[in-house]
A.B. asks: 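My structure is below; once you've seen it, I'll send some questions.
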Amino acid sequence: MTATRQPAAKRMRELREIINEHSYRYYVLDAPTIPDAEYDRLYNELQRLEAEHPALVTPDSPTQRVGGQPAAEFPAVHHGVPMLSIRTETDTEARGAANFDARVRRELGLTETDPPVQYAAELKFDGLAISLRYEHGLLANAATRGDGEVGEDVTLNVRTIRQIPLRLRSRSPPTLLEARGEVYMRRDAFERLNARQREEGGKTFVNPRNAAAGAVRQLNPAVTAQRPLSFFAYGVGGTQGWTKAPRTHAGVLDALQEFGVPVCDERAVVEGAEGLSAFYRDVGARRDGLPFDIDGVVYKVNDLELQRRLGFATREPRWAVAHKYPAQEQLTRILDIEVQVGRTGKLTPVARLEPIFVGGVTVSNATLHNEDFIRALGALVGDTVIVRRAGDVIPEVVAVLPERRPRDAREFVMPTVCPVCGSEAVREEGEVDVRCSGGLYCPAQRKQAILHFASRRAIDIEGLGEKLVDRLVDSGRVRSLPDIYDLSIGELAELDRMGTKSARNLVDALQRSKQTTLARFLYSLGIRHVGEATARDLALQFGKLDAIMEATEEQLAEVPDVGPVVATSIHRFFAQGHNREVVAKLRQRGMRWQDGESKRPATGSLAGKTFVLTGTLSSMTREEATERLQALGAKVAGSVSKKTSYVVIGADPGSKAERATKLGIPVLDEAALANMLGGRA
Ligand code: IVH
């Protein structure tokens, strides 16, 4: 052995081992741990070394076969006509097409003066190859490609795919027709499946192809039936007794479609290299918008007679080529995990990635959604991960390669304070998200907070819209919400696109907005979980802002419809010094409202009970009764509703008594009321 062959032999052995391992994971387990692009790189390296050192090619080299071994669990199916693979072309658009066209012309012995070759161009679906065998028009069996010669019998599973006809739509179908194509999963179905898996704590899938391949190769067809699979045919294998057999590939696809077998409409018959590259460009531009993943387009010589003349090179037809698009999955590394604060205060961990070209763009960040997502993924800072960008979906980290984990990899810890404003960051029970409690104070939430404050149902400041708020905050003019009340006409007029007239209008609107109600003011603060109704209830119950700001969680929870979660949220908001400061500043700027009577119930024996009084009482006036009931914590309402606890009936009661009986609400006479009030009538 020469000195140069030694390292090559070693590397080839290594590559064979790595590739075989990954082929096994891909084809047999349906659980690849590296992206295709990475696999292709390893495979190409081995192919190159084998070309340089043909003597070192071994019969067990992964380059010496088409696909994977069929799994022992499924009965074997011998393919009469082998299921071949196609050569791939990864060259840029124009050259990829030109290379193929030039080769075809050369092999057909065509010269420059001959007319262009006609091609059928179609999509390269990213799923699992399947052969459907129809005998006398009936689906007899369905098989995977396996190693190309022998596949797995997955008939029971494939029969659950509704798109696949069990009988061809034809009065005189061929005696034998093998429709070949791809089982795949639409992207929306994939997203839904993963969401469901996540909810149920099941395993999520890296991409639609794995999900589809796994579903087809399920041992239990009932599971397959639950998976939303689709199918597109792209050709035929063996055929017999096909009376009107087409003479072109496009004709074959049309015929399959007429038989009721799904064929993708995204196909074209084009001429020459230019036609091919136009198709490549056109589909490439629309790739993100397709409802399913493709990894390229496929060019096929359209004329079946020319296909026959071109024949095969080892295991690949000379008449077809797959022209790939940039990979939608790549390996990269998590350099760091940072936390971003959104406009609603949500803290989102974002992976900073070693920049990587994936799905046609360079990606250097990917959202990791929340702590639970990171945990389920098992990702550490420093990990090598698979990043996927498919369709117009934002890039996602879909898997981790633990075997490539560096020793200094570290776990991500969600911060307990907001990285932007330092306020407490809280994760409420039953929620996955952590939120900044800074509200109005947090710069990350400032624009959103101002817009909410100014909105019609809150303080209602006409003219303070999104664009202006952007400009005010971005220019640094408004650092905190109360600053909006310091804006002058001159200042506003100076801002682009704002004339003196609209500036004056806005200042007038700001001035007017200072007179408001307590309920609106509370709502305008944007306290989480405090909507308009809750704000009204709070205002009604407490009467004064200070009472609300000083209230304990328990006191807050006494307000109708305020549960512990809402009470905690309100309490936490006013516990933050900077939120209190914003409130104080707004009051200093002149915000005012009419205080109401505090209706906060004494935590008495009748707390939570609602009474309605009707008719004349003999021992006390209605007003006295009302006061005494309220003193014990009860509410006294004017009309009977389902929420009424008791209706007290005096002499000559009105319709309220009838209504109480109708609603089945307990009725009290004066003696019973006296009893409840403590025996003193
Ligand atoms: S033709 C003899 N057409 O790509 C040619 N294959 O390596 C047989 N594929 O796993 C294949 N879309 O399942 C052909 N429009 C298409 C295809 C397609 C996807 C898959 C096929 C096989 C691989 C070819």
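When a residue number appears, it is its place in the shown sequence, counting from 1. Every number for a ligand or one of its atoms is a count from 1 in the order of the listing.
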A.B. asks: Among Lys124, Glu266, His249, Glu182, which one puts a heavy atom closest to atom 13 (O) of ligand 1?
C.D. replies: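 Among Lys124, Glu266, His249, Glu182, the closest heavy atom to atom 13 (O) of ligand 1 belongs to Glu182.
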
A.B. asks: Need the ligand 1 atom indices (1-based, order shown) with element for anything under 4.0 Å from a heavy-atom of Glu122.
C.D. replies: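 What qualifies from ligand 1 is 3 (N), 15 (N), 16 (C).
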
A.B. asks: Using a 3.5 Å cut-off on N or O atoms only, is Pro317 in polar contact with ligand 1?
C.D. replies: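 Min N/O separation from ligand 1 is not below 3.5 Å for Pro317.
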
A.B. asks: I'd like to know if Glu316 contacts ligand 1, where contact means a heavy-atom distance under 4.0 Å to any ligand atom.
C.D. replies: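 Distance cut 4.0 Å: Glu316 fails for ligand 1.
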
A.B. asks: If you compare all heavy atoms of Ala366 against all heavy atoms of Val397, which two are closest, and at what distance to 0.1 Å?
C.D. replies: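 Shortest heavy-atom separation between Ala366 and Val397 comes out as CB-CG2, 3.9 Å.
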
A.B. asks: Record the part of Asp126 in heavy-atom contact with ligand 1 below 4.0 Å; permitted values are side chain, backbone, both and neither.
C.D. replies: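 The answer is neither.
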
A.B. asks: Could you give me the CA-CA distance, side-chain angles and deciding distance for Tyr280 and Tyr325, then say whether ring-ring contact (aromatic ring centres under 6.0 Å, His included) is met?
C.D. replies: CA-CA 9 Å; Tyr280 181 88; Tyr325 290 118; 4.4 Å; yes

A.B. asks: Under a 4.0 Å N-O cut-off, is there an ion pair linking Asp295 with Arg209?
C.D. replies: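 Not counted as a salt bridge, because no side-chain N and carboxylate O are separated by less than 4.0 Å.
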
A.B. asks: Under 4.0 Å from a heavy atom of Ser85: give me the atoms of ligand 1 that qualify, with their elements.
C.D. replies: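 Answer for ligand 1: 7 (O).
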
A.B. asks: Should the proximity of Val298 to ligand 1, defined as any heavy atom under 4.0 Å, be assigned to the side chain, the backbone, both, or neither?
C.D. replies: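 Contact part for Val298 vs ligand 1: side chain (C-beta onward).
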
A.B. asks: Mark yes or no for whether Tyr134, through its side chain, and Pro165, through its backbone, hold a donor-acceptor pair below 3.5 Å.
C.D. replies: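 Checked: pair present.
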
A.B. asks: Looking at ligand 1, does any of its N/O atoms fall within less than 3.5 Å of an N/O of Ile86?
C.D. replies: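 The answer is yes, given that Ile86 and ligand 1 share an N or O pair closer than 3.5 Å.
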
A.B. asks: Counting each atom of ligand 1 from 1 as listed, which ones have a heavy atom of Leu84 under 4.0 Å away?
C.D. replies: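 The list of qualifying atoms is 8 (C).
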
A.B. asks: Please classify the Phe125 to ligand 1 contact at 4.0 Å (heavy-atom distances, strictly less than): side chain, backbone, both or neither.
C.D. replies: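 Both backbone and side chain.
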
A.B. asks: So does Asp36 pair up with Lys324, basic N to acidic O under 4.0 Å?
C.D. replies: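 No, this pair does not count.
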
A.B. asks: For a quick check under 3.5 Å, do Thr144 and Glu152 share a side-chain donor-acceptor pair by atom type?
C.D. replies: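 There is such a pair (donor and acceptor under 3.5 Å, judged by atom type) between the side chains of Thr144 and Glu152.
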
A.B. asks: Check this for me: does any side-chain nitrogen of one of Arg389 and Asp288 sit under 4.0 Å from a carboxylate oxygen of the other?
C.D. replies: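 Yes, Arg389 and Asp288 are salt-bridged.
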
A.B. asks: Yes or no on salt bridge (Lys or Arg N to Asp or Glu O under 4.0 Å) for Arg48 and Glu52, after CA distance, side-chain angles and deciding distance?
C.D. replies: CA-CA 6 Å; Arg48 188 175 47 77; Glu52 283 168 19; 3.4 Å; yes

A.B. asks: Specify side chain, backbone, both or neither for Ala129, according to which of its non-hydrogen atoms lie closer than 4.0 Å to ligand 1.
C.D. replies: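 The answer is both, backbone and side chain.
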
A.B. asks: Heavy-atom contact under 4.0 Å between Ala320 and ligand 1?
C.D. replies: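 No; Ala320 lies far enough from ligand 1 that no heavy-atom distance drops under 4.0 Å.
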
A.B. asks: Looking at every non-hydrogen atom in both residues, tell me the closest pair between Thr33 and Leu401 and how far apart they are.
C.D. replies: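 That closest heavy-atom pairing would be O-CD1, 3.1 Å.
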
A.B. asks: Check Lys300 against ligand 1 and report side chain, backbone, both or neither, counting heavy atoms closer than 4.0 Å.
C.D. replies: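 Within the 4.0 Å criterion, Lys300 contacts ligand 1 through side-chain atoms alone.
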
A.B. asks: If you have a sec, work out which protein heavy atom is nearest atom 18 (C) of ligand 1 and how many Å separate them, to one decimal?
C.D. replies: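 That would be Tyr234 CE2, 3.5 Å.
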
